[in-house]
Amino acid sequence: MAGPKKKSVDSLHSSLIEDYCMIGDCETAALVSLEGSIDWLCWPTFSSGACFAALLGTRDHGFWKISPIGKIKSIRREYRAHTLVVETTFETKDGVVCVVDFMPPRGEHSHVVRIVRGVQGSVTMQMDLAIRFDYGRTVPWVTSIGNELHAVAGPDMVVLRTEVPVRGEGMTTRSEFVIRAGDSASFTLTSLSSLEKVPSIPPAETALSETCAFWMEWNEKNRYRGPYAEEVERSLMTLKAMTYRPSGGIVAAVTTSLPEKIGGTRNWDYRYCWLRDTAFTLLILMQAGYVDEAVEWRKWLLRSIAGAPDQVQTIYGIYGERQMVEWEADWLPGYEASRPVRIGNAAAGQFQLDVFGEVAAALNRIPPADGETRVSASAMQAALIDHLCMVWQEPDQGIWEMRGKPQHFTHSKVMAWMALDRAIKNHENFDGQGDVKRWKKNRDMIHREVCAKGFNKKLNSFVQSYGSKQLDASCLRIGLVGFLPMDDPRIVGTVEAIEKGLMQDGFVARYNTRTTEDGLPAGEGAFLACSFWLVTSLWLIGRREDASRMFERLLSLRNDVGLLSEEYDPSAKRMVGNFPQALSHIALLHSAFAMSGLWQPQPAGKTG
């Protein structure tokens, strides 16, 4: 189906991925450009349809911009300290104005609040609002009631409240107003069902105080005291903002279909919960002192994978939904013409063996639960490990979710080993459930097999799959999970081989994309998590100066407010892939904890 035919604002979207910052209420998030335009917002949740989708198309697919009229001399922005409140300061020839953007902690409804404050002189501002439900496809019916603007289409409704006069023009709501030093104007956008009564809202300044208090209180729990404390705090907050608070699920990113290569087809929907990513996130959050999030995630996991262990998926919805049918929004031209725009993710149906290991590692670090929750968790863990004993010899799609033929990926086998190793060490947490003798037998079988079939003596490195000559950055994790000591010559050789064979312009590629067999055109940016894995590995094998230099270089890739996407294109010197990307920030945090001496690989249990 085609989108709106009438072109009210036809300028193509032009902001770079790194030009965005994120605001959120721990149930959804919006991306705000450096120019003051909200170009992406899925409402009311992370995986709902977008009402602002200009990020993947044109302004006609929905946006909300507040900025000065005329020439802007400079723009600078920053997050208010210890919060997810962003302040963007515009300087013009007539004065200086600051736009404060945030989403208050959610009560019954979700709000986006924008406060415009005069700092110096007198600045003429313009507000443009184009609401388009269903990922830019549906134009709502807009009515004005007093100082409220109601936009309705089917079950969806958005209400704008402001003291500034607005008008309709070309299917867009517009306003021009003057802000003088000391003055302010506020705009509050609220999402609700079209069947609901419009709720009352607190004053914008009250909402701002409550939002700042929420984030500052959360940050007080952070017990990280190593170097790079500011960078660590910002990454921790980013992960918290990507947590769906009602269920405890954690999304991999807040966007869909931002391309791994500009103009390419590797465009995926990451607004769901990968067991792998959420397990990584929980390990990091717990290391920083955030136990409550870990407990809530365990409850989400119990609900999500309830049933037979052979039905465990790699991806779930934010509530634990299993159905994520992949389809294409063909009315959207894509970010910089990168098509298709995909909604949903077919990888949910893949068999990815490695998730058993990551989930087992996370579950075994979470403090014991009480009562019925503990019984359920114990039974679930034992059942998962018993099932793993039956399936670890099967090929899978691997950590990179290859869409070609399943293979015996080395990383997947190592993660299966880790699941068994952690289960054996923590058998007492299973209340005696599980066949430990069988677990030990399978753990040791995997270890012998990986060392025999996953290591290439000629390359002196572990390789992507059994018998392969292909290097793969996921093999950096073999030492990090304790499969072998970091000073083992095979681990050192793997680190050096990947450093030599997969480094492109100083960054680590996942694998050699020129020879990939996943059925898609080759080409992507450098996967940032892999580069951080190399940092951690270099540090742990004793090459600390090299690790520090690389870590500093990677930190310099963060945008002006400390956010990272999935990948980086070193040729174009720009971010690519979904944004912000949880795995990139997780890997950053992992490196920081290792370099501060607060984390070491967990040694393997005894074999035999």
Side-chain angles (χ1 to χ4, degrees), residues 353-354 357 392-393 395-396 398-400 402 407-418 421 443-518 522 526-551 553-554 587 590-591 594-595 600-604 607:
L353 182 63
D354 67 294
W392 70 262
Q393 293 177 321
D396 75 325
I399 186 174
W400 307 130
M402 300 285 197
Q407 301 179 53
H408 291 283
F409 288 105
T410 302
H411 172 265
S412 296
K413 305 300 186 184
V414 171
M415 294 301 106
W417 169 89
M418 182 174 73
D421 185 70
R443 178 196 62 181
D444 297 346
M445 286 173 60
I446 296 173
H447 200 282
R448 288 191 296 268
E449 183 178 285
V450 168
C451 291
K453 298 181 179 180
F455 186 80
N456 185 299
K457 293 182 179 179
K458 186 174 181 180
L459 295 174
N460 193 32
S461 174
F462 286 99
V463 288
Q464 185 178 76
S465 59
Y466 287 176
S468 171
K469 297 180 181 179
Q470 175 92 285
L471 295 173
D472 192 303
S474 66
C475 292
L476 290 169
R477 302 199 67 247
I478 295 175
L480 302 183
V481 302
F483 183 84
L484 290 170
M486 289 301 299
D487 60 358
D488 187 287
R490 290 164 292 183
I491 295 298
V492 175
T494 299
V495 173
E496 292 175 346
I498 289 173
E499 184 181 23
K500 180 180 179 181
L502 291 183
M503 291 283 280
Q504 300 174 1
D505 300 302
F507 303 100
V508 181
R510 292 189 289 180
Y511 45 79
N512 186 344
T513 56
R514 292 185 297 274
T515 60
T516 183
E517 298 178 356
D518 63 2
F527 202 78
L528 291 174
C530 297
S531 294
F532 282 112
W533 293 345
L534 181 59
V535 168
T536 306
S537 298
L538 289 171
W539 183 270
L540 293 173
I541 67 172
R543 292 175 53 187
R544 297 192 168 186
E545 290 186 6
D546 293 336
S548 295
R549 280 195 297 270
M550 188 170 185
F551 188 65
R553 185 180 184 193
L554 290 170
H590 194 184
S591 293
M595 295 168 68
Q600 286 282 337
Q602 184 173 338
T607 60

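Small disclaimer: the values here were computed from a predicted structure and weren't measured.
The two residues Gln470 and Asn512 have their closest heavy-atom pair at OE1-CB, 3.2 Å. Nearest approach of Met486 to Val492, heavy atoms of both residues: O-CG2, 3.6 Å.
In this structure, the side chains of Leu471 and Tyr511 stay at 4.5 Å or more apart for every pair of heavy atoms. Within the 4.5 Å cutoff, side-chain heavy atoms of Phe532 are placed close to those of Leu554. Contact of the Ser412 side chain with the Trp392 side chain is not registered, since no non-hydrogen atoms from C-beta on lie closer than 4.5 Å. Within the 4.5 Å cutoff, side-chain heavy atoms of Ile478 are placed close to those of Thr410. The shortest distance between side-chain heavy atoms of Glu545 and Arg549 falls below 4.5 Å. In this structure, Arg490 and Cys451 have side chains that are in contact, with non-hydrogen atoms separated by less than 4.5 Å. Considering only heavy atoms from C-beta on, Phe409 stays 4.5 Å or farther from Asp354 through its side chain. Residues Leu476 and Ile498 are in side-chain contact: their nearest non-hydrogen atoms beyond the backbone lie under 4.5 Å apart.
Note: His447 and Phe483 have parallel aromatic rings, judged against thresholds of 30 and 60 degrees for the angle between ring planes.
A side chain to side chain contact (heavy atoms under 4.5 Å, CB included) with Leu353 holds for exactly one of Gln393, His411, His408, Lys413; it is Lys413.
Applying the side chain to side chain contact (heavy atoms under 4.5 Å, CB included) rule to Ala529 yields the partners Phe527, Trp533, Leu583, Ala587; only residues at least two apart in sequence or on another chain are considered.
Between Leu534 atom CG and Met550 atom CE the span is 4.5 Å, to the nearest 0.5 Å.
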